[in-house]
Amino acid sequence: MAAELYERVWAVVKRIPRGKVATYGQIAALVGMPRHARQAGYALAATPENRKIPWHRVINAQGKISLRLKRWESGSDDLQRILLEAEGVLFDSTGKVDLKRFRWQPESAPEKSKR
DNA sequence: CTACTGACTGATC
DNA sequence: TGATCAGCCAGTA
């Protein structure tokens, strides 16, 4: 079952150091799914609270909070954003994170060479 | 098996 | 910067 992949995703997410963030595509690639960003998101969506997973450190490639912003509970605008700011991740005027500075770059994921 | 939807991504306008 | 289009995979109806 894909549940194993989920656990793998969570494991990767847990490896994200405080004050850093990672994109879905990045996580997906780390777990062995180069083009499964969506599924990576699925895994995060299925992340059980009891797992203590810093899911808020996982954002989209645009450096913005995803979640399709469709069902945020009244009152809590951007919980994810608050949590990230609390860890040192800053957002710009457009509400985006400076991936150039806060993107988590795992050793196993050489992300050099200008794209 | 086909169709639709979904925490996405990258390119283009 | 922001919106739109198409591509990708998986789960569910």
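First the proteins, then the strands, lettered A, B, ... as listed; each starts at 1.
- Distance A:R35 CZ to B:dC8 C1': 13 Å, rounded to the nearest Å.
- Of all heavy-atom pairs between A:Q80 and A:H56, the closest is NE2-O, 3.1 Å.
- A straight line from CD of A:Q62 to P of B:dA11 spans 12 Å, rounded to a whole angstrom.
- B:dA7 is unpaired under the criterion used here, namely a Watson-Crick or G-U wobble arrangement in which both key atom distances are under 3.5 Å.
- For the pair A:I27 CD1 and C:dC9 C1', the interatomic distance rounds to 17 Å; values are reported in whole Å.
- Closest to the A:A61 side chain, of the nucleotides B:dG10, B:dG6, B:dC8, is B:dG10.
- As a whole-Å value, the separation of A:L44 CG from C:dC9 P is 20 Å.
- Rounded to whole angstrom, the span from the OH atom of A:Y6 across to the P atom of C:dC9 amounts to 16 Å.
- None of A:R57, A:R18, A:R81 except one satisfies the salt bridge (Lys or Arg N to Asp or Glu O under 4.0 Å) rule with A:E87; the exception is A:R57.
- With B:dT9, B:dT5, C:dG7 as the choices, the nucleotide that has an atom nearest any side-chain atom of A:R38 turns out to be C:dG7.
- Between the CD atom of A:Q26 and the P atom of B:dT9 there is a distance of 10 Å, given to the nearest Å.
- With rounding to the nearest 0.5 Å, the separation of NZ in A:K96 from CG in A:N60 is 9.5 Å.
- Checking C:dC9, B:dT9, B:dA7 against the side-chain heavy atoms of A:H36 singles out C:dC9 as nearest.
- Transitive grouping of hydrophobic side chains (ILVMFWY, heavy atoms separated by less than 4.5 Å) keeps A:I82 and A:W55 in distinct clusters.
- Remark: C1' of C:dT1 and CG of A:L99 are 15 Å apart, rounded to the nearest angstrom.
- Of the side-chain N and O atoms in A:K96, one or more sit less than 4.0 angstrom from OP1 or OP2 of C:dT1.
- Side-chain contact between A:F102 and A:I59 is absent, with no heavy atoms from C-beta onward closer than 4.5 Å.
- Closest approach to the A:Q39 side chain among C:dG2, C:dC9, B:dT9 is made by C:dC9 (side chain taken as heavy atoms from C-beta onward).
- Following rounding to the nearest Å, A:M33 (CE) and B:dT9 (P) show an atom-to-atom distance of 13 Å.
- For the pair A:Y42 and A:A37, nearest-nucleotide mapping onto DNA chain B gives the more 5' position to A:Y42.
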